[in-house]
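Remarks on the structure that follows.
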Number of protein chains: 2
Amino acid sequence: MSRKPSSLPSTPCLSSTKEAREDDARNRLLQAGLEVFAKCGFEAASTRMLASKAGVNLAAIPYYFGGKEGLYHAVIQAITDRIHRHMQPAIERAQALLEDEHASKSEILDLLGMMLPGPIALFASPEARYFGPLIANEQQQPTSAFPILYEGYVRRVHEIAARLVGRYLDIPEDSPEAIIRTHAVAGQMFVFLGARATILRRLGCDSFSEENVRLIQHIVAEQAKAALKGSLPMTHQARENQP
Amino acid sequence: MSRKPSSLPSTPCLSSTKEAREDDARNRLLQAGLEVFAKCGFEAASTRMLASKAGVNLAAIPYYFGGKEGLYHAVIQAITDRIHRHMQPAIERAQALLEDEHASKSEILDLLGMMLPGPIALFASPEARYFGPLIANEQQQPTSAFPILYEGYVRRVHEIAARLVGRYLDIPEDSPEAIIRTHAVAGQMFVFLGARATILRRLGCDSFSEENVRLIQHIVAEQAKAALKGSLPMTHQARENQP
DNA sequence: GTCTATAGTCGGATAGAC
DNA sequence: GTCTATCCGACTATAGAC
């Protein structure tokens, strides 16, 4: 009763790229780390838990990752890569639009609205069910792994979003106002990740149904656009389709 | 070098009510628990840290609270009481308005807008600088202490807010749509608590200045109202001042 | 009520066989 | 590369003096 991988049922391999396909100890530890660190947090996760969940020997953790912390960093790096890959198309679309001097306000607003359902779908997907706790923990008690997340995708995404907001509202993209407005808008999405326990209890369920996810995507996109549109100076709201 | 309370400088006593005024071991442990659990999380906080930060003996934790977990529960109970007290006036105002059959939509919207700056001020206050991590951790990895928070104020506040949103949008207050819309709106506030590390890095500072807090309060209230107003069916938006 | 001293457990990392 | 066995430090809780 020592060799079985016990319980690694559904979740697909995190790094599904070409080369890293083997079901070896290293990958099994990465997957187990994702689950265990998400469920317990870094401190409460013990190397014994990690090894037994992965179905590998305890000594494999220092061997492959230099220790528990090294495994944690590798897990954070893996989810950062995954999210970055998921966001890249939207980032490129936004960059293209921002280079267009003649983009209309309504085009900018629509693009901002379209940037929200993607992350919601990702974070609600089974593949990503462990991302939330890991990200939220790094927000509250940033560790040495926080820069991996921040430089990996957070900074890029927020800067692009703030540029769009700045363009839409005719304010400098790096002003506190643009940054705060962008954050507030993003908060309409983020709260479903960050206040997960409360919303699920309010909805009376244990996890988000597909129907709930669609509803959240629709409502967040709608309200996000409305929030910014309503923040336009009055004179702009009438002629919103001007560049 | 064993008796000094070492570092309990500024933060005022958590339970400033009449009777509990003594600077005794029990209160010092509560305050230290607030700080240490917030900074490290439950698991990483050791009884040695807690006792030395409080300037009391290690054995005082089992003595007064039955153990580390009991101290944690007491800390969560204390912040729940604090937040509940802070929210009570707004809750009562909302209840009064909801009992008024003739309240206009714009009155309801204004009240919703007014419910947001309060919590923002509280969570940004020095007194409450440790609330965020504790609350966020319970959202991500709810422990046996989560019901203390949820039943203590979260449920009440969210139900009231959802009733206001439902009234404003003419949808049932307990429908998924009302619950999700309410959550998304609240997210514009919550994100400043839950994604603290990111927003501070974007703003280029270590903590929120008073000016930032005022800006956040203004923007969140404005965007929250706009988000809901923009979600009204078109036909309503013209005659918004009708009941 | 507060202390010291210690019991008993579990943590992460390592040594060294295979 | 993978295993077993073990070290050693840190943890929480308790016993019992004062």
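Because the structure is a prediction, the values reported are computed rather than measured. Values below: all heavy atoms of this structure, side chains included; hydrogens, waters and symmetry mates excluded. Throughout, protein chains are lettered first and strands after them, A, B, ... in sequence-line order, and every chain is numbered starting at 1.
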message: Just the rounded figure in Å: distance from P of D:dG1 to OH of A:Tyr63.
response: 4 Å
message: If you assign A:Leu58 and A:Tyr64 each to the DNA chain D nucleotide with the nearest heavy atom, which residue ends up on the more 5' nucleotide?
response: A:Tyr64
- line: By side chain to side chain donor-acceptor pair (under 3.5 Å), B:Ser209 pairs with (sequence neighbours left out) B:Asn212
message: By the 4.0 Å heavy-atom rule, please label A:Ser46 as base, sugar-phosphate, or nothing.
response: sugar-phosphate
field: Whole angstrom value for the distance that separates P of C:dG12 from OH of A:Tyr72
entry: 15 Å
- prompt: Between B:Asn57 and C:dG1, does any side-chain N or O lie under 4.0 Å from OP1 or OP2?
  reply: no
statement: Among the nucleotides C:dA13, D:dA15, D:dA13, whichever has the atom closest to the side chain of B:Ala59 is D:dA15
- prompt: Where each residue is assigned the nucleotide of DNA chain C containing its nearest heavy atom, which of A:Pro62 and A:Met49 is assigned the position nearer the 5′ end?
  reply: A:Met49
message: Using side-chain heavy atoms (C-beta onward) and a distance below 4.5 Å, is A:Met114 in contact with A:Arg93?
response: yes
A:Arg48 CZ to D:dT4 C1', straight-line distance once rounded to whole Å: 13 Å
query: In whole angstroms, how far is the P atom of C:dA13 from the CG atom of A:Leu71?
result: 10 Å
query: Does any non-hydrogen side-chain atom of A:Val56 lie less than 4.5 Å from one of A:Ile61?
result: no
message: Can you measure A:Leu50 atom CG to C:dC10 atom P for me and round it to whole angstrom units?
response: 17 Å
- request: Take atom NZ of B:Lys68 and atom P of D:dT14, then tell me their distance rounded to the nearest Å.
  value: 15 Å
query: Do we get B:Lys68 above B:Phe42's six-membered ring, with its NZ or CZ under 6.0 Å from the centre and within 45° of the axis?
result: yes
message: Need one value for B:Ala45: base, sugar-phosphate or nothing, where a base atom within 4.0 Å counts as base even if backbone is also close, heavy atoms only.
response: sugar-phosphate
- prompt: Can the positive tip of B:Arg201 be found less than 6.0 Å from the middle of the six-membered ring of A:Tyr150, inside 45° of the ring normal?
  reply: yes
task: Round to a whole Å and report the spacing from CD of B:Glu69 to C1' of D:dA13.
output: 14 Å
task: Using whole Å, report how far CD of B:Glu43 lies from P of D:dA10.
output: 18 Å
